[in-house]
Structures are given as C-alpha cells and as structure tokens.
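Right, one structure below, let's go through it.
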Amino acid sequence: MDALRAWRASNLLGFAASRVVTAASAARPLRLRLRCCSSAAATTNQKQQQPPPPPRLPQDRRRRNASTSTSDRDSIRAIRLKKVEELRGKGYEPYAYKWDRTHTTKKLQEEYTHLENGEIFEEVAVSIAGRIVARRAFGKLVFMTIRDDTGTIQLYCEKDNLTEDQFEQLKAFIDIGDIIGASGSIKKTEKGELSLYTKNFEILTKSLLPLPDKYHGLTDVDKRYRQRYVDMIANPEVADVFRTRAKVVSEIRKTMESFGFIEVETPVLQGAAGGAEARPFITYHNSLQRDLYLRIATELHLKRMLVGGLERVYEIGRIFRNEGISTRHNPEFTTIEMYEAYSDYESMMKMAEEIVVRCTMATHGKLKIDYQGTEISLERPWRRETMHSLVKEATGIDFNIFGQDVESAKSAARGLPGINTGSRGSTSLQSCSSVGHVLNEVFETFVESTLVQPTFVLDYPVEISPLAKPHRRGDVLKIK
C-alpha cells in the first residue's frame, strides 16, 4: 500500500487551434467538426536488435511496479472491500448520500492566500469535499491532498484535533482515491502550505481500485480514450479540454442565434443514409420491422426545413460513420451544418470567420495564439486565394494553360520533386483522369501543409466537387 501513498498527474495535451479551409461553394454548407485528438504511439522497428535487459530495480521500486499488475489490483480490491465491511460494522456508511460544502478548493486558495506562515484562521467554519490524491503520515500528523474540479488543497490532520476514533479511521481505513468531506478552519503551515485544519471528516465514497501510480501515470492510449474518467483523474488538465469544448459549442450557438438562425433537430435513425458518401451503421426497428440507419450527415433533412419555409437553420449533432477507428478518427463525432436561403459562399465565409473569432475570444481572450511554437493570427479578414493561384505560387505551374489536356498537365506535374507518380491508390498522379484531379494532387502534395494561417481556398475543380454549382464566371476550366 505504500506505493499508493504518493501520486502525481502527468501532462496530456494542450488545446490546439485548427485552421479552417473552406471551398467556395454556393451549394455545400459550412461544416465545423470539433474533436479531441492526440497522436498515436510510434511503431517499433522489428529488425533492430533486442535491447539489453533493464537494470535490476531496488526492492521498493519493484514493489511499486508490481502494484499495477492484475493480481495486485485484485488483492487491493479485496482489501478495500474488507475495509468497507469493517466500516459498516462500526456503524459508518462509506457511500454517503450528501455533504454540504461551503467552499471549493480554488475559493479557499484565493481567499486565504494572505495568511502568514503558521497562522490559523478560526473565525470561519470551512467545509470542502474531494478525492484524495496524496497521503503522508508522520506519527500524530497526517497530511492529505484532496482535489475537486477547481483545484487542490492540503488537509492538515492532527491527532489532538480529532477524536480517537476518527484518527484511527484516518490511518486505517482511508486510501488514495477515496472521496471524503472535511470541515475545520484554515491554517497556513510553517512551510507556507495553505491547509484545512481538519476537525471533522467523513468518507463519502470508498474507492475500491487504486489510481494510476505516480511513476507511470495513465499512458495507455487505448485506455485513455475508452476510460476518459480515469484519464481525467490521472491527468487533471484533460478536463480543461472538455471545458473549452463546452465554451466553443455555447459560443457557436450564441453566434448562430445572433445571425437569426434557428437550431433544429433532425432524425438520427433514417430509412436511407444520405447526404454524403460513407458506410452507415445499421440497426433494426422492432415496431416498424425494418432496418434503419444511423445518419451519416444532417444535410438532407436540413434542406427539407428550407423547403418548408425556414430560411436559416442549423444543427449541432452527432454523425455516425462505420469506417475505422483511431486516435484521430472516431466513428461518431459532432458536426455543425447550416443552411441559409438567398446567400452564397461569400456569406458562409464571413460566417465562418465570425464563429471562429468569437469562439477564440471566448476561450483565449485574444486573436493571436501560440500553437506548437507558431503564432496563429485569427484577425479578419482571412486570406482568400484560388487553388490555381496557390499551386502556381508554390510550383510555378499555371494549370489554366492546359485546358482539358490532362496528359500535358501530368507531364508538367511529373517534373515536381516528391509527386506521387505510381499507379496504386486513387490519389496517385497516374490515376488522375482530368486536369482538375492533377491540380488537386499537386495542391495536396505541395500546398496544403504550408497553409498555417487561416485561409479560404476557392475555386476547387468541379471534377472533385461534383455536387457544387459551376462557377458563375463560366471559365473554360470548370471550377466551382
């Protein structure tokens, strides 16, 4: 159990700003997808020699590492279940119904930071609750760190300040991971640590399994995504991602409402999956005795709302696509899709700018943010360039001169370093069936990764956007 008496959270990830690249289309809606991602672990080289065995660990380190094994977890669970029974035998309920709090840990840290070292403030009775994340015992003193959703604070538990029964309970029955309520006064220790000078406490929830140990933390990527609650306990900063996402969604709704849009809900179960090309999830409806599909897009039903007379509609909803899974792709995700009558892609670009700018101000309070050492400026107006211009700027090739001559376009592209000329894969140069496809291949290879600042890419070739209206200019090269 000694291995479980100290615990430290490890860092997960920062909040990333993503660029918005929108094609100029009067028929296709703006879609903003909100996801929380992290990179997968790198694969190992199977051909390399086996590494030398790790050095022999001291006995205490071996004991800590062993604490994460399945057998040890089962043993710990059995011990803690026995503690639950013993507590109930003594007349205590280790799973409480309620605890009245007067303060959060953050509020205490803010209100009493002015106390001098060694000072005790007893004028106000304080009551808090949270999870124990660290525990240290020194004879007649026990120090515990508890965390709530606002921060952490230390509990200063002195034997002379508690009843004999409570102090015994404190030493024998409380473990890291337990949720407790505590009340008392405020004290700043001689070393300057603001603490709750505990006079009374109660076990609110007895934890049956240990938290990830301080030496390894929660590093299993699969477990972090499948057990997000454990991830948030082990890595408190993960909760900030959820808080930021909530602010973003709230700000999107405020922005859409300010533009006069109405939020609607469309069916998740549909008779035919439509609005995009994707493999759907299929389920069976017992009453209708037929198969139904989880939606792969909200497009068709939202367009029907326009047909019905609503001129500005949008939906923030879940989409389900039965196509693979990874740390960068989830088969269910959230999108916003909006439709507005009597407007075109210029209106949508302005709306995209407004949404992102307002969300950035709500979450960061400024429009210039640092992302992985690069300053991203979200100040308006954002750059607007055609795909042709961006490719010409990067490669010197003007694809407008090729007309419909796909072979000449391929020949020019083959001279570029790093272009994929193989015959395998639909994105290789060899498989391109039109000048528009060649242009897109060159764009994705040489331009896309260089667009760091927010940029609207306009006039995509109609060949890769068959559902869009032809461009109003009606150029010889079909663009949208």
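Atoms considered below: every heavy atom in the structure, side chains included; atoms not considered: hydrogens, waters and symmetry mates. Since this is a predicted model, take the numbers as computed values, not measurements.
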When you compare the side chain of [Y] with that of [X], does any pair of heavy atoms fall below 4.5 Å?
| X | Y | answer |
| --- | --- | --- |
| Trp382 | Val356 | yes |
| Tyr112 | Val124 | yes |
| Pro331 | Phe281 | yes |
| Met338 | Met351 | yes |
| Glu354 | Phe259 | yes |
| Val142 | Lys159 | no |
| Lys254 | Ser250 | yes |
| Trp99 | Glu202 | yes |

The test is side chain to side chain donor-acceptor pair (under 3.5 Å); show your working for Tyr229 and Gln227 and say whether it passes. CA-CA 5 Å; Tyr229 60 97; Gln227 296 180 299; 3.2 Å; yes
Distance-only polar pair, side chains of [X] and [Y], donor-acceptor under 3.5 Å:
| X | Y | answer |
| --- | --- | --- |
| Asp178 | Ser207 | no |
| Ser258 | Thr255 | no |
| Tyr339 | Glu311 | no |
| Arg384 | Thr455 | no |
| Asp148 | Thr150 | yes |
| Thr335 | Arg318 | no |

Should we say atom [atom1] of [X] is surrounded by more than 12 heavy atoms from elsewhere, each under 6.0 Å from it?
| X | atom1 | answer |
| --- | --- | --- |
| Arg243 | CZ | yes |
| Lys350 | NZ | no |
| Glu346 | CD | yes |
| Glu375 | CD | yes |
| Arg77 | CZ | no |

Here's one to test your reading of the geometry: is the NZ or CZ of Lys187 within 45 degrees of the ring axis of Tyr156 and under 6.0 Å from its centre?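 Judged by the rule, Lys187 and Tyr156 form a cation-pi pair.
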Does Arg312 make a cation-pi contact with Tyr314 (under 6.0 Å, within 45 degrees of the axis)?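 That pair does not qualify as a cation-pi contact.
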Shortest non-hydrogen contact between [X] and [Y], atoms and distance:
| X | Y | value |
| --- | --- | --- |
| Ser195 | Thr189 | OG-CG2, 3.6 Å |
| Ser183 | Leu196 | N-CD2, 4.1 Å |
| Leu141 | Phe167 | N-CZ, 4.3 Å |

With a 4.0 Å cut-off on N to O distance, would you call [X] and [Y] a salt bridge?
| X | Y | result |
| --- | --- | --- |
| Glu86 | Lys90 | no |
| Asp175 | Lys206 | yes |
| Arg80 | Glu85 | no |
| Glu263 | Arg253 | yes |
| Glu93 | Arg88 | yes |

Could you go through Arg295 and Thr266, starting from their C-alpha distance and side-chain angles, then the distance that decides it, and tell me whether this counts as side chain to side chain donor-acceptor pair (under 3.5 Å)? CA-CA 10 Å; Arg295 65 185 178 194; Thr266 60; 3.0 Å; yes
Check the pair Glu251 / Arg245 against salt bridge (Lys or Arg N to Asp or Glu O under 4.0 Å), numbers first and verdict last. CA-CA 10 Å; Glu251 199 62 32; Arg245 182 190 185 278; over 6 Å; no
